[in-house]
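Here the structure is laid out as structure tokens; the discussion comes afterwards.
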Amino acid sequence: MTTVFDPHDPGRSADGDSVRDPLLDGLNPRQREAVEYRGPSLLIVAGAGSGKTSVLTRRIAGLLRSREAWPSQILAITFTNKAAAEMRERVGAIVGDTAEGMWISTFHSACVRILRREVEAFGFSKNFTIYDSADSKALLKRILKELDADMFGLTVSKAANRISQLKNELTDVDGFARDANLSDPTEKKFLEIFRRYTRGLSDANAFDFDDLIGQTVYLFRAFPQIAATYQRRFKHILVDEYQDTNHAQYSLIRELTRPPAPEQFEAAQGMIVQGSSTEAEAASLTVVGDSDQSIYAFRGADIRNIVEFERDFPRSTVILLEQNYRSTQTILDAANAVISNNFDRKDKKLFTTIGAGDKIVGFTGYSGHDEAQFVADEIQKLHDGGVAYKDVAVFYRTNSQTRALEEIFIRAALPYRVLGGTKFYERAEIKDAFGYLIAVANPADPLALRRIMNTPKRGIGPATEAALQAWADSREMTLRDAMRNATELGLGPKVTKAIVDLARLLDEVMAKVETAKPADILTELLDRSGYVRALRASQDPQDEARAENVDELVAVTKEFGKNNPEGTLLDFLTEVSLVAAADDLDDSSGTVSLMTLHTAKGLEYDSVFLTGVEEDLLPHRMSANEPGGPAEERRLFYVGITRARKRLFLSLAMTRAQFGEVNVAMPSRYLQEIPVELIEWKQSPGMANSRGGTQSRALNARQGSGGGSWAASLREAAAGGLPPAPPRAKTEWANAITATVRDNGDLTLAAGDRIRHTDFGDGTVNQVTGNGPKSIADVQFDTAGRKRLLIKIAPIEKL
DNA sequence: GGTCCGTATTTTTTT
DNA sequence: AATACGGACC
């Protein structure tokens with residue numbers, strides 16, 4: 001039925017030269033159906049690269065264009081803020097500026113928006129702040145200490161994970177207390193921790209990430225009239241990446257798609273009234289997902305949400321999108337082969353008309369650095385061949401793998417950026433600055449206050465802080481109140497003055513928090529508190545860099561002010577709290593992108609390097625014990641593979657450093673699942689294993705029956721006595737870059753100069769580009785091939 | 001209260 | 001390897 005020719009459809013008019021409908025242009029029949037279908041609930045099962053974003057945006061645009069919905073009646077949930085911005089833009093491009101008023105955002109952003117409006121009904125104040133995981137852990141740490149919980153084997157991260165899991169299941173303290181086995185002392189202790197943590201958050205007028213969703217659900221359930229406001233408002237709800245929703249998010253969607261209040265009453269008596277009035281109708285729901293790409297079980301994502309969609313939402317329709325528009329057949333064959341090893345999945349095979357394309361390139365390095373050098377060299381080759389840096393991405397399983405990559409990339413003068421990872425916002429000086437901002441935005445928060453109380457040094461030590469806290473506790477007041485009344489505590493005159501001065505500063509700035517620009521607030525706080533002055537006056541050379549980071553933060557607030565002229569400090573803090581790793585991706589940056597496999601979801605690149613394809617890394621060691629762990633790791637690998645459009649590189653290392661120790665690594669089991677003819681090994685595991693040479697090429701050349709013969713021999717080699725990595729490899733990367741950055745000063749090179757590199761040996765300079773500290777030498781080494789080096793820091797000398 | 005130094009712990013993935 | 005924390009000492 002989807003292929004019936006429709007003469008009224010401008011997109012496929014017979015003569016072909018009539019105006020094309022931007023809504024349906026270029027879509028296959030399935031995609032079209034997904035755009036045009038109307039009904040209470042629709043599940044679009046969209047394989048990787050099947051154009052789901054396009055379908056989703058056109059579906060929204062269609063609703064608007066036909067006047068089936070006003071922009072304000074649409075709620076679209078995306079996985080990242082970046083995806084939201086992109087979707088908004090693309091809808092706008094089709095229907096014009098009417099896109100305003102739509103809610104296109106992440107679950108968390110949407111919930112904050114709702115909570116800021118409604119939370120006063122709930123006993124919170126609407127200037128609540130958001131605790132990120134580091135904040136939650138800081139709070140838990142205090143609690144665990146108070147309770148001597150380490151005696152019970154409870155750690156901060158264990159408690160944090162457990163609490164997060166409970167909240168994702170919408171279990172609150174009372175709910176947990178009901179079901180917990182309280183004869184178990186550890187459980188009892190945990191309950192106490194959970195209780196204090198919850199109280200700590202509410203005392204601080206703060207929500208953690210999980211609360212944002214959970215409390216919104218509780219709010220809707222406790223106040224049906226508030227829920228009805230949103231149920232009436234949103235007539236079309238669309239959710240992307242539905243396979244990664246957890247129970248709390250699922251419940252939120254359920255609440256929002258319920259018919260508004262009066263209907264609800266009738267439904268409770270067993271009769272569902274249909275279409276009695278527009279006002280009473282439930283919102284239509286469209287979800288898009290792919291259970292093969294579910295990779296967030298560890299944070300509560302429940303694959304059942306998508307598997308059981310048809311049961312949960314009666315009268316629903318399912319549309320399958322299997323044609324892939326992104327990758328070559330070679331890449332898809334590899335992806336299909338890998339994912340087919342997962343059981344209990346609906347069989348689904350991606351296909352394309354693009355053609356086979358290049359083979360997948362495999363490489364085995366002696367070490368993580370060797371592997372990184374391969375990646376850098378290949379990227380340079382691609383770039384020389386006309387590939388832009390921004391079309392290349394490097395993926396890895398764990399953030400710690402960035403170190404080796406960065407070291408090599410810096411030396412090779414490859415422009416790169418790391419998405420996520422140790423973020424700017426996690427630096428101490430940045431958290432300090434935020435401490436000041438939060439202290440002003442939300443005076444109830446003791447965490448922020450403690451952070452800045454003695455930063456810069458004011459002579460307010462732990463003892464004084466404890467005295468203030470005790471004073472506050474005994475009067476059921478906040479720490480901030482105690483500071484204001486410090487004169488009553490009988491502390492020394494110097495300390496008392498320091499405390500009162502700080503309290504006054506915060507109070508004075510707080511008075512303008514509603515009106516002043518975030519940038520001005522921050523500047524005033526940093527200036528008057530003496531924070532920047534202290535950094536600048538410091539002897540510690542690192543403090544200079546810290547001061548620069550603080551300056552950068554000021555620049556960020558100014559930028560925010562420019563983009564949001566009406567934006568308050570609270571708006572700024574909210575936005576910053578909710579940025580995702582992939583959000584700071586600037587497409588115009590012209591750099592290679594480095595990110596974890598998780599961050600890579602939803603993105604695509606011409607050339608993809610998937611590194612560290614080793615046992616214990618991918619699949620990760622930690623996943624082995626968890627039920628469904630290895631299968632989820634396989635999906636992660638699958639997600640990585642399917643990000644690639646044209647070229648895919650799989651690399652691994654024979655040895656991997658971790659905890660400052662070098663361990664033997666073995667090829668990942670997933671490598672064997674890829675048909676051998678799809679991979680061309682530049683250096684196979686077998687080759688790398690043999691003593692620095694390539695004599696075991698035979699191992700690599702023939703796979704023949706059974707497949708995995710090389711893997712078996714490899715394992716054998718790896719298990720037995722392991723390759724004291726070839727001497728060459730050892731010297732090649734030993735202490736490649738030390739903590740102190742090498743500085744060649746004003747060393748200048750010109751074409752024709754002979755140089756000596758500590759790792760690559762002697763070579764001749766081909767040419768020099770760039771100037772000043774950014775000069776790059778293109779060097780032809782006698783034995784190591786051609787490399788590009790950042791002259792200022794490369795370990796080289798002129799001969 | 002501040003500073004210095006030795007020891008322990010860390011790395012799975014994220015809003 | 002890199003950082004965080006606790007205890008000793010000033």
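Below, chains carry the letters A, B, ... as their sequence lines are ordered, and counting in each starts from 1.
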Gap between atoms CD1 and P, on A/Ile295 and B/dT15 respectively (whole Å): 11 Å
Atom pair distance, as rounded to whole Å: CZ in A/Phe659 and P in B/dT7: 20 Å
Touch class at under 4.0 angstrom, heavy-atom based, for A/Thr596 against every strand present: sugar-phosphate
Non-hydrogen atoms of A/Leu603 and A/Thr599 that approach each other most closely: CD1-O, 3.8 Å
Any A/Ser133 side-chain nitrogen or oxygen under 4.0 Å from OP1 or OP2 of B/dT14: no
Length of the line joining A/Asn399:CG and B/dT12:P, which is rounded to integer Å: 11 Å
Sugar-phosphate only, base, or nothing, as touched by A/Asn454 at under 4.0 Å among non-hydrogen atoms: sugar-phosphate
Check: A/Phe298 ring centre within less than 6.0 Å of A/His598 ring centre: yes
Sugar-phosphate, base or nothing in reach of A/Tyr296, heavy atoms under 4.0 Å: sugar-phosphate
side-chain N/O A/His598 vs B/dT13 OP1/OP2, d < 4.0 Å: no
Sugar-phosphate, base or nothing in reach of A/Ala657, heavy atoms under 4.0 Å: nothing
Sidechain N-carboxylate O distance under 4.0 Å for A/Arg546, A/Asp432: no
